[in-house]
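See structure below.
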Amino acid sequence: MSRRDTVTAYIHNITFPYGIVDSAKSVIDSITFKSLFKFLNVPTGTYYIAVKNFNTIETWSKAGGESLLITDTTNYDFTTAANKAYGNNLKLKNGKYCIYSGNVNGDAIVDASDLSEVDNDSYNALTGRFLRSDVNADGTVDAADVSLVDNNRGAVLNRPFF
Ligand SMILES: [Ca+2]
Ligand SMILES: [Ca+2]
């Protein structure tokens, strides 16, 4: 991660239709890769945790769900193993399992439409903070971003239902 970034975490029921029980936004630290989310409406139980950032693939926690206690803090670390995400939907990079970036249009897949948007913005040499096509978050949309989206092409949302 090259900067702190806002992530939304959703708590989903473990059974069909996997409805959202609660959600919270927080900022992931670029050094520790940690963030604290406060959920005020989640009874003790087993849930899926889904996380989404503005240009990543939404990523769900491992199959079977996670036990959350109403009275306590639960730590969930996606970075330690591929199977921390539902369907092993993580990419190993520099020793950490990472959420796929490059989903600049915020749908469920990294594909040609994302690539096309980044390619256009790269051609126009867009600069600025928090541009969704600036996938590596360095403030400029250029060939490095195009390459990153191209590498992640085919990454898809993976969850217990479709
Ligand atoms: Ca997309
Ligand atoms: Ca960039």
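Since the structure is predicted, the reported quantities are computational estimates derived from the model, not experimental observations. Atoms within a ligand are numbered from 1 in the order they appear, just like the ligands themselves. Numbers here simply count residues along the sequence, with the first being 1.
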### the Ca ion (ligand 1) to Asp107: nearest N/O/S atom name
OD1
### Message
Distance to the ring centre below 6.0 angstrom and angle to the axis at most 45 degrees; does that hold for Lys84 and Tyr97?
### Response
no
### Summary
All heavy atoms of Ala85 vs all of Asn89, minimum pair found to be CB-N, 3.8 Å
### Message
Whether the side chain of Asn124 engages the backbone of Asp121 through a donor-acceptor N/O pair (distance < 3.5 Å, no angle test) should be reported.
### Response
no
### Query
Are any N, O or S atoms from Ile109 nearer to the Ca ion (ligand 1) than 3.0 Å?
yes
#### Entry: Min side-chain heavy-atom separation Asn55-Asn103 under 4.5 Å
no
### Query
Is Tyr76 atom OH crowded by more than 12 heavy atoms from other residues, nucleotides or ligands, each under 6.0 Å away?
yes
### Message
For a distance under 3.0 Å, tell me if Asp111 has an N/O/S atom near the Ca ion (ligand 1).
### Response
no
### Task
May I ask you to determine how many protein N/O/S atoms are under 3.0 Å from the Ca ion (ligand 2)?
6
### Heteroatom N/O/S of Asn105 within less than 3.0 Å of the Ca ion (ligand 1)
yes
### Query
Is a donor on one side and an acceptor on the other found under 3.5 Å between the side chain of Thr15 and the backbone of Asn13?
no
### Task
Take atom CZ of Phe16 as the centre, draw a 6.0 Å sphere, and report whether it contains more than 12 heavy atoms from other residues, nucleotides or ligands.
no
### Task
Report yes if some heavy atom in the side chain of Phe161 is under 4.5 Å from a heavy atom in the side chain of Pro17; otherwise report no.
no
